[in-house]
Peer 1: 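Structure provided below as structure tokens; questions to follow.
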Amino acid sequence: MSDDQAADPVAGGRRYSPDADHAFPDEKLNEVLAALRDDPEIHTYLRAQNVNAVTRKGYNDHGAKHIEIVRNHALRLYDLLKRGGVEFNGAAEQGLAEADEAVIIALAATLHDIGHVVHRDEHAYYSIPLAADVLDRFLADFYDTSEAVRMKGEVLHAILCHHTEEDPLTREAGVIRVADGLDMEQGRSRMPYEKGGRGINTLSSQAIRRVELKPGSAAGEDAPVLVDIEMVNAAGVYQVDNLLKAKLRDSLIDEYVRIVAINSKADDQLVERIEL
């Protein structure tokens, strides 16, 4: 992958680049991302939330690296959907601007797991009051009171719907749910695996070598987003056909996303290909 591809979310790169050409107004998002990088309270939460998840429960990473990956996946997914002409409803139905769609997504991706500092179990519900306090302070630098209240509600909705029985009511929230499921590569399970963890989440994550988001540009392709997944053994099926499939279902963006997972290891062809 070239340096340009690595920086360009549309080229399947791994990182959102403020300097790239985006299919949405990105000036406000870029200001918010810069503020997030410099916020000590948020950084402390991202470190602290991994203690219950990894140290005490032995789950896969839910700390700063997971958040970075989910936020990048979410913004790349959003950009590809916008390029494909998909309309988002969260900000619009609250009377907010189009530029606020990406801000909702970035903030929800950043704060969706902070409830882990209370407990891993039911953590999405614990994330709500903690994120609400952070948002009261953070949004005041970018919005007036009326706008901040609406933004806060949309961000909290996306946080709640990422990992619970509640279905997303906005496409912004759907992007968060799917982006969370897309963090499935080998690096995510590094900590529990090195500690001896061999649960299905850890082993199946070890089986996923690569996840890329690409434009759905194949001949006859209706979906504007292609999720290209490389597995190295059949254990990766659990990540794709169980976890990711469940995240995509009822996300309000499922009809716009095509998933193809290929087992690239020649001596393990129990499962050669999965397509959703």
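Throughout, numbering of the chain's residues begins at 1 and tracks the sequence. All of these numbers come straight from a predicted model, not from anything done at the bench. Side chains are part of it too, since the values below use all heavy atoms of this structure and drop only hydrogens, waters and symmetry mates.
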Peer 1: Can you list the steps and then say if H66 with D180 is a side chain to side chain contact (heavy atoms under 4.5 Å, CB included)?
Peer 2: CA-CA 9 Å; H66 169 62; D180 186 50; 3.1 Å; yes
Peer 1: Does R249 come within less than 4.0 Å of D254, counting only side-chain N to carboxylate O?
Peer 2: no
Peer 1: Can you give me the closest heavy-atom contact between D61 and N50, atom names plus distance?
Peer 2: OD1-ND2, 2.7 Å
Peer 1: Mind checking whether L244 and L182 have side chains closer than 4.5 Å, heavy atoms only?
Peer 2: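 Yes, at least one pair of side-chain atoms sits under 4.5 Å.
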Peer 1: What residues, two or more places apart in sequence or in another chain, satisfy salt bridge (charged side-chain N to carboxylate O under 4.0 Å, His left out) together with D250?
Peer 2: none
Peer 1: Just how far is it from atom CG of N89 to atom CD of E172, taken to the nearest 0.5 Å?
Peer 2: 6.0 Å
Peer 1: Are V51 and H116 side-chain neighbours, meaning at least one heavy-atom pair lies under 4.5 Å?
Peer 2: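 No, every pair of side-chain atoms sits at 4.5 Å or beyond.
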Peer 1: Check whether H112 reaches the backbone of A109 with its side chain - one donor and one acceptor, N or O, closer than 3.5 Å.
Peer 2: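 Indeed, once roles are kept as given, a pair shorter than 3.5 Å links the two residues.
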Peer 1: Output yes when a side-chain donor or acceptor of N30 lies under 3.5 Å from a complementary backbone atom of D26, and no otherwise.
Peer 2: yes
Peer 1: Test of understanding: clusters of I, L, V, M, F, W, Y form through side-chain heavy atoms closer than 4.5 Å, transitively. Do L248 and V70 belong to the same one?
Peer 2: no
Peer 1: For Y78, which of E101, H73, H22, R83 qualifies under side chain to side chain donor-acceptor pair (under 3.5 Å)?
Peer 2: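 When side chain to side chain donor-acceptor pair (under 3.5 Å) is applied between Y78 and each of E101, H73, H22, R83, only E101 qualifies.
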Peer 1: Applying the 4.5 Å side-chain criterion to the ILVMFWY set and letting contacts propagate, would F24 and L213 be lumped into a single cluster?
Peer 2: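 Same cluster.
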Peer 1: Could you pull out the closest heavy-atom pair between V178 and K247, with the gap in Å?
Peer 2: CG2-O, 4.0 Å
Peer 1: Before giving the answer on side chain to side chain contact (heavy atoms under 4.5 Å, CB included), spell out for L36 and L107 the whole-Å C-alpha distance, their side-chain angles and the decisive distance to 0.1 Å.
Peer 2: CA-CA 9 Å; L36 288 173; L107 290 174; 4.0 Å; yes
Peer 1: Quick check for you: to the nearest 0.5 Å, what is the distance between R177 atom CZ and I159 atom CD1?
Peer 2: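 These two atoms lie 14.0 Å from each other.
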Peer 1: Less than 4.0 angstrom from a charged side-chain N to a carboxylate O is my criterion; do R150 and E147 meet it?
Peer 2: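 No, R150 and E147 are not salt-bridged.
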Peer 1: Just wondering, do E98 and F88 contact through their side chains at under 4.5 Å, heavy atoms?
Peer 2: no
Peer 1: Would you indicate whether the side-chain heavy atoms of Y143 and V103 approach each other to under 4.5 Å?
Peer 2: yes
Peer 1: Please list all pairs passing the salt bridge (charged side-chain N to carboxylate O under 4.0 Å, His left out) test where one or both residues lie in residues 40-56, with sequence neighbours left out.
Peer 2: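 Output for this query lists E41-R137.
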Peer 1: If you look at every heavy atom in P168 and L252, which pair is closest and at what distance?
Peer 2: O-CD1, 3.6 Å
Peer 1: Is there a chain of hydrophobic side chains (I, L, V, M, F, W, Y, each step under 4.5 Å between heavy atoms) that links V155 to V149?
Peer 2: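 No, it is not one cluster - the side chains of V155 and V149 are not joined through contacts under 4.5 Å.
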Peer 1: With a 4.5 Å cut-off on side-chain heavy-atom distances among I, L, V, M, F, W and Y, is there a chain of contacts connecting F138 to I128?
Peer 2: yes
Peer 1: If you draw a 6.0 Å radius around NZ in K82, do more than 12 non-hydrogen atoms from other residues or ligands fall strictly inside?
Peer 2: yes
Peer 1: Are V134 and D39 close enough that some pair of their side-chain heavy atoms sits under 4.5 Å apart?
Peer 2: no
Peer 1: Heavy-atom distance under 4.5 Å between the side chains of P224 and L81, does that happen here?
Peer 2: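 SC-SC contact between P224 and L81 confirmed.
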Peer 1: Is any side-chain heavy atom of L156 less than 4.5 Å from a side-chain heavy atom of L111?
Peer 2: no
Peer 1: Any side-chain to backbone donor/acceptor pair from D228 onto E212? Under 3.5 Å, distance only.
Peer 2: no
Peer 1: Please tell me whether L169 and I176 are part of a single hydrophobic cluster in this structure, the criterion being side-chain heavy atoms less than 4.5 Å apart.
Peer 2: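 Different hydrophobic clusters.
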Peer 1: Looking at I259 and V240, what are the two nearest heavy atoms and their distance?
Peer 2: CG2-CG1, 4.3 Å
Peer 1: With sequence neighbours left out, write down each residue that passes ring pair (Phe, Tyr, Trp, His ring centres under 6.0 Å) with Y125, or none if nothing qualifies.
Peer 2: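 Once residues adjacent in sequence are excluded, Y125 has no partner under the ring pair (Phe, Tyr, Trp, His ring centres under 6.0 Å) criterion.
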Peer 1: Hey, what do you get for CD (E165) to CG (L160), rounding to the nearest 0.5 Å?
Peer 2: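 The distance works out to 11.0 Å.
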Peer 1: Among all residues two or more places apart in sequence or in another chain, which pass the side-chain contact (heavy atoms from CB on, under 4.5 Å) test with A124?
Peer 2: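 Result, side-chain contact (heavy atoms from CB on, under 4.5 Å) vs A124: H162, T164.
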Peer 1: What pairs of residues pass the ring pair (Phe, Tyr, Trp, His ring centres under 6.0 Å) test when at least one of them lies in residues 29-51, not counting sequence neighbours?
Peer 2: none
Peer 1: Supply the atom-to-atom distance L139 CG to M151 CE, rounded to the nearest 0.5 angstrom.
Peer 2: 6.0 Å
Peer 1: Which value, rounded to the nearest 0.5 Å, describes the distance between K28 atom NZ and F142 atom CZ?
Peer 2: 9.0 Å
Peer 1: May I ask you to decide if H123's main-chain N or O and H163's side chain share a donor-acceptor pair within less than 3.5 Å?
Peer 2: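 It does not hold such a pair.
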Peer 1: To check you understand the geometry: which heavy-atom pair defines the closest contact between R71 and A106, and what is its length?
Peer 2: CD-O, 3.9 Å
Peer 1: Minimum heavy-atom separation for M184 and I229, please, with both atom names.
Peer 2: SD-CD1, 4.1 Å
Peer 1: For the pair R171 and E87, find out whether any cationic side-chain nitrogen is under 4.0 Å from an anionic carboxylate oxygen.
Peer 2: no
Peer 1: Check side-chain contact (heavy atoms from CB on, under 4.5 Å) between E154 and all other residues, then give those that pass, not counting sequence neighbours.
Peer 2: Q94, I104, T170
Peer 1: For G115, does its backbone N or O pair with a side-chain atom of S127 as donor and acceptor, under 3.5 Å?
Peer 2: yes
Peer 1: Counting N and O atoms only, with roles assigned by atom type, does the side chain of N72 sit under 3.5 Å from a partner on the main chain of E68, one being a donor and the other an acceptor?
Peer 2: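 Yes, N72 side chain to E68 backbone: donor-acceptor pair under 3.5 Å.
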Peer 1: Any side-chain heavy atom of L77 sitting closer than 4.5 Å to one from V257?
Peer 2: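 The answer is yes, as the side chains (C-beta and beyond) meet within the 4.5 Å cut-off.
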